[in-house]
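Down below is the structure, laid out as structure tokens.
Side chains are part of it too, since the values below use all heavy atoms of this structure and drop only hydrogens, waters and symmetry mates.
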Amino acid sequence: MNLIVGVSAGIAIYKVVDLVRKFIKRGDSVKVVMTNHATKFISPELFKEISQNEVMTDIFENEETAAHIKIVDWCDAMIIAPATANIIGKIACGIADDSLSTVAIALNRPLIIAPAMNTHMYLNPAMQNNLKILESRGIKIIEPDSGELACGTSGIGRLPEPDEIILNADEFLKNFRKNSELDGKKIIVTAGGTREPIDPVRFIGNHSSGKMGHAIANALSNRGAEVVLITSSDLEVSKNIRVIKIETAEQMRQKILSEFENSSAVIMSAAVADYRVKNFSEQKIKKFDDNLTLELVKNPDILFELGQLKKNQILIGFAAETQDFERNAREKLIRKNLDMIVANDVTAEGAGFGVDTNIVTLITKDNLKRYPIMKKSEVAELIADYASKTLGTLK
């Protein structure tokens, strides 16, 4: 999901650093818009570094024409946190005199506001009236927590913790899905690299972080799908996603097969080990000789098996290659009876394991389209677009 995080000048701004980090970590794309006063608390460079996007601070100094319109056209939703009495009053009255208020007034997407201020300010009748005005316009207000405040008093007005803000946002945004074709569709997504144990200490694994699969799960969930994420990764995802943790290829296979029959699609982005150790050692293997020989046996080909079992499901695979990646991916598409395959050269700079970007080619039986380097969250949206369009034709 593409999110604008609006930041106004409040002491609770430090929590928003973690909020942006959590959104990014789970696969969302974030652009931060700050008031000038907010920059007195935290440098825009910090938000730029975390989000990997430019931070808007002064709309009049921005070199891009109509930057406030372009950013709202880019986003799926906007969250303002902390929202001060000043910015809440401006939005309620339609005042646009700085970067944040201008973007908020131009917004034609869902808006979530998380107020944070002194208790007396929050309970002021004018403030409460402004909040009611905003709610009457369909804006989500996240009620502040009660507790000790920065001014030394205690009462309502504390900015909720980032996890609570995310939970409220996810629940609210379920009502604003991009595409109803995925609404209620059960989609299985796999992510991360499997670990095949050698002994209680060692394993055979790979460099997959799970970032791509988790981004796909979030993109699908944001469009209303019932997502089952089977993963070896500990990355955060939307609270609406059902997460099943696994380690080995066989565990992944069993979990997929138990969910497959009543699913609409499977997206296999996990890096599944091709081989496992034939004889697992119950005890740690000691160093006795200069050489150690391990006998490996082939793991089940989960994607091939699903290709044989599928009925009305769509099946999307990944091909992480180091050479001839498009040719190898097309061969894999046909041999495993896939509907689409996402191919990439993991040796290319900006693609592959562990990074936040990817360079992919999407291949179907009758089409091939290459894409430039983009964020994995943007690749996830392309895959969600394909799933939505394809499942829509199966109605």
> Between Lys376, Lys211, Lys375, which is the residue that forms a side-chain hydrogen bond (donor to acceptor under 3.5 Å, both in side chains) with Asp356?
Replying inline: Lys211

> Under the side chain to side chain contact (heavy atoms under 4.5 Å, CB included) criterion, do Asp58 and Asn36 qualify, and how do the steps go?
Replying inline: CA-CA 7 Å; Asp58 190 335; Asn36 184 54; over 6 Å; no

> Under 3.5 Å, is there a donor-acceptor pair between the side chain of Glu261 and the main chain of Ser258?
Replying inline: no

> Can any side-chain N or O of Gln313 pair as donor or acceptor with the backbone N or O of Lys311 at less than 3.5 Å?
Replying inline: yes

Under 3.5 Å donor-acceptor pairs involving side-chain atoms of residues 3-20, not counting sequence neighbours:
{"residue": "Ser8", "atom": "OG", "partner": "Pro82", "partner atom": "O", "Å": "2.3"}
{"residue": "Ser8", "atom": "OG", "partner": "Thr84", "partner atom": "N", "Å": "3.1"}
{"residue": "Lys15", "atom": "NZ", "partner": "Leu159", "partner atom": "O", "Å": "2.6"}
{"residue": "Lys15", "atom": "NZ", "partner": "Glu161", "partner atom": "OE2", "Å": "3.0"}
{"residue": "Asp18", "atom": "OD1", "partner": "Arg21", "partner atom": "NE", "Å": "2.9"}
{"residue": "Asp18", "atom": "OD1", "partner": "Arg21", "partner atom": "NH2", "Å": "2.6"}

>> I'd like to know if the side chain of Ser269 and the backbone of Thr190 have a donor-acceptor N/O pair within less than 3.5 Å.
In response: yes

>> Salt bridge check, Arg276 against Glu196: does any charged N sit closer than 4.0 Å to a carboxylate O?
In response: no

> Are any of the side-chain nitrogens in Glu259 or Lys186 under 4.0 Å away from the carboxylate oxygens of its partner?
Replying inline: yes

>> Would Leu100 and Met78 count as a side chain to side chain contact (heavy atoms under 4.5 Å, CB included) here? Give the steps.
In response: CA-CA 11 Å; Leu100 181 51; Met78 180 176 184; 3.3 Å; yes

> With sequence neighbours left out, what residues match Ile285 under side-chain contact (heavy atoms from CB on, under 4.5 Å)?
Replying inline: Ile198, Asp199, Arg202, Ser281, Leu292

> So does Arg195 have more than 12 non-hydrogen atoms from other groups sitting under 6.0 Å from CZ?
Replying inline: no

>> Under the salt bridge (Lys or Arg N to Asp or Glu O under 4.0 Å) test against Glu326, which residue among Lys369, Lys332, Arg370 passes?
In response: Arg370

> Got more than 12 heavy atoms from elsewhere within 6.0 Å of CD, Glu349?
Replying inline: no

> Stepwise, does the side chain to side chain donor-acceptor pair (under 3.5 Å) test hold for Ser101 with Asp98?
Replying inline: CA-CA 6 Å; Ser101 60; Asp98 63 8; 2.5 Å; yes

> So does Tyr275 have more than 12 non-hydrogen atoms from other groups sitting under 6.0 Å from OH?
Replying inline: no

> Is Glu250 paired with Arg253 through a side-chain N to carboxylate O contact shorter than 4.0 Å?
Replying inline: yes

> Among Ile359, Thr361, Val379, Leu362, whose side-chain contact (heavy atoms from CB on, under 4.5 Å) with Tyr371 holds?
Replying inline: Leu362

> Got a second to check how far Ile105's CD1 is from Ile95's CD1, nearest 0.5 Å?
Replying inline: 8.5 Å

> Is Asp234 salt-bridged to Lys245, cutoff N-O under 4.0 Å?
Replying inline: yes

> Run the side chain to side chain contact (heavy atoms under 4.5 Å, CB included) check on Asn53 and Val30 step by step: do they pass?
Replying inline: CA-CA 7 Å; Asn53 280 313; Val30 176; 5.6 Å; no

> Roughly how far apart are Asn2 CG and Asp76 CG, rounded to 0.5 Å?
Replying inline: 5.0 Å

> Under 3.5 Å, side chain of Asp145 to main-chain N/O of Arg158, donor-acceptor pair present?
Replying inline: no

>> side chain to side chain contact (heavy atoms under 4.5 Å, CB included) for Thr231 and Val237? Distances and angles first, verdict last.
In response: CA-CA 11 Å; Thr231 180; Val237 289; over 6 Å; no

> Do you know the tightest heavy-atom contact between Ser264 and Leu391?
Replying inline: O-CD2, 3.6 Å

>> Could you check whether any side-chain N or O of Arg137 sits under 3.5 Å from a backbone N or O of Ala92, counting only pairs where one atom can act as donor and the other as acceptor?
In response: yes

